[in-house]
Novice: 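Quick one: this structure, given as structure tokens, is what I'll be asking you about.
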Protein chains: 2
Amino acid sequence: MQDIKVAVDAVVFGYRQNTLYVLLIQQKFAGQKAYWALPGGLVKDNESLMDAVTRELKEETNVEVNYMEQLYTFGDDLKRDSRNRVISVAYFALIDSSKTNIKADTDADKVQWFPVKEVPHLAFDHNLILQTAFKRLKSKLTYKPVGFDLLPKEFLFSDLENLYCTILEKEIDRRNFRKKILSFDIVEETDRFAEKKTGRPARLFRFNSHKYKALEKEGFLFEIKFA
Amino acid sequence: MQDIKVAVDAVVFGYRQNTLYVLLIQQKFAGQKAYWALPGGLVKDNESLMDAVTRELKEETNVEVNYMEQLYTFGDDLKRDSRNRVISVAYFALIDSSKTNIKADTDADKVQWFPVKEVPHLAFDHNLILQTAFKRLKSKLTYKPVGFDLLPKEFLFSDLENLYCTILEKEIDRRNFRKKILSFDIVEETDRFAEKKTGRPARLFRFNSHKYKALEKEGFLFEIKFA
DNA sequence: CCAAAAGTGTTATCGCTACACCCATGC
DNA sequence: GCATGGGTGTAGCGATAACACTTTTGG
């Protein structure tokens, strides 16, 4: 009789001010060393994997994400959870962190954004899961317009550009980047401007996901490369 | 108490004579409609996911693959297996079908290569899994040198070219294709020639995976695009 | 000498890269 | 008027795409 548990875990990325963040929780446990961990938990018998992650995220962190996809199933290390054989189906999610109201809820003690470059040692194999998700984010940014899911609905071109620089850890030529993105015709000017403290006011832009989906069906490929 | 079973399934592709094949089995079941299915089965408590697929493949089909990677975990359809809640971690594998000696073994009644374009209605959600794997193969061909894992160690340039045409379902310019591949410097001439029935004898080539791995570390990107 | 597949180069076009100056605002 | 970020065009280069004839063998 098989005795393997099935869990889901979510790597939720957020972005603010030239920094990529990941959402971590610290579980309530009496008198045990408390590690930070990815939000997640066991799947219920009558619940899809996707529903399970969504539920856990809601329960543990109170967030609803903009984008989510299955990342990888971690089940080759038999001792990844020291108590039982548990395999984890990990998900990769993106959120506009500016409009998010995180709060610890039923299951979790603390919820907090950590800069991806400064995450502590996590519970289980969650550091590995996070690294896998980070790699996925880096590569996905270059061939799908997922960066927009990390930004507010209306954003500055410079924010988009900085998001790419920050996450990909590369320099980008501002002019070429702008030209490239605009050539896709999936980002639209608004007639609004950001309230800025200094410098020339910057126009706000909006991603037209409807248009993108239409173009995608016709074979259009989003692609950003760098020198 | 959670009651979910964990299975693994493998989509094993082979290639011969301008046709892409997938390896299917038909289970022994008395007096029940016999569907063809992907090789696979339940994971053992003390076995990694990877070991489980490898074992099942060996038991059910007697093959050892050239390339294998995790594909996707299917667990959103609660009724994908009508008997129990089972989630399946699907794997994607490539093999040189010419040197393979498939045979039904302990667990399976029949084992057979089916052209991917002519697979029947399969058990469970295996048609979906197969389609997912096929998509992965198509895209992976264009950015990783996985095509070589479907060919014999020594192969004709025309075979490689036909493999790309067949799987990607596109026309390719022979001269440009050859130039591109050779420019990568990961495929080497041998001094051997194929025994052919007709036409000018064709030189055999070999993929140098060692060289590829070295180049990859230095940031080299394999990439094949088409008009 | 004919059939069959292998092998081979050149040109035009397109897209990417590199690069520097002016603009609008707040103080 | 100065500091701060926003916004813009062009020229050179390298990569891709299009394209057809010659070579080698067997029959």
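Protein chains get the first letters and strands the later ones, always in sequence-line order, with residue 1 at the start of each. Values below: all heavy atoms of this structure, side chains included; hydrogens, waters and symmetry mates excluded.
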Novice: CG of B:Leu160 versus C1' of C:dG7: gap in Å, rounded?
Specialist: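 Checked: the CG to C1' distance equals 15 Å.
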Novice: Can you name the salt bridge (Lys or Arg N to Asp or Glu O under 4.0 Å) partners of A:Arg203, sequence neighbours left out?
Specialist: A:Glu189
Novice: Ring-plane angle category for A:Phe148 and A:Phe207, please: parallel below 30°, perpendicular beyond 60°, tilted otherwise.
Specialist: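 Parallel: the ring planes of A:Phe148 and A:Phe207 meet at under 30°.
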Novice: What integer distance in Å separates A:Glu195:CD from C:dG26:C1'?
Specialist: 14 Å
Novice: Taking protein heavy atoms under 4.0 Å as touching, what does nucleotides 4-11 of chain D look like 5' to 3' if B marks base contact, S marks sugar-phosphate-only contact and - marks none?
Specialist: BBBBBBB-
Novice: Whole angstroms only, please: what is the CZ-P distance between B:Phe177 and C:dT8?
Specialist: 15 Å
Novice: Under the side chain to side chain donor-acceptor pair (under 3.5 Å) criterion, do A:Asn62 and A:Lys58 qualify, and how do the steps go?
Specialist: CA-CA 4 Å; A:Asn62 197 42; A:Lys58 182 70 186 166; 3.0 Å; yes
Novice: Nearest whole angstrom, please: distance from the P of C:dT17 to the CD1 of A:Ile224.
Specialist: 11 Å
Novice: Holding to salt bridge (Lys or Arg N to Asp or Glu O under 4.0 Å), I want the full list of residues that pass it with A:Arg80, two or more places apart in sequence or in another chain.
Specialist: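 If we apply the salt bridge (Lys or Arg N to Asp or Glu O under 4.0 Å) test to A:Arg80, skipping adjacent residues, the hits are A:Asp125.
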Novice: Classify the ring geometry between B:Phe13 and B:Phe92 as parallel (under 30°), tilted (30 to 60°) or perpendicular (over 60°).
Specialist: perpendicular
Novice: Nearest whole Å is fine: how far is C:dC16 P from A:Leu221 CG?
Specialist: 12 Å
Novice: Give the rounded distance in Å between these two atoms: CD of B:Glu223 and P of D:dG14.
Specialist: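 My rounded result for the distance is 19 Å.
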Novice: Just to confirm, is there a sub-4.0 Å distance from OP1 or OP2 of D:dG26 to any side-chain nitrogen or oxygen of B:Lys197?
Specialist: no
Novice: Under 30°, 30 to 60°, or over 60°: which ring-plane class applies to A:His121 and A:Tyr35, parallel, tilted or perpendicular?
Specialist: perpendicular
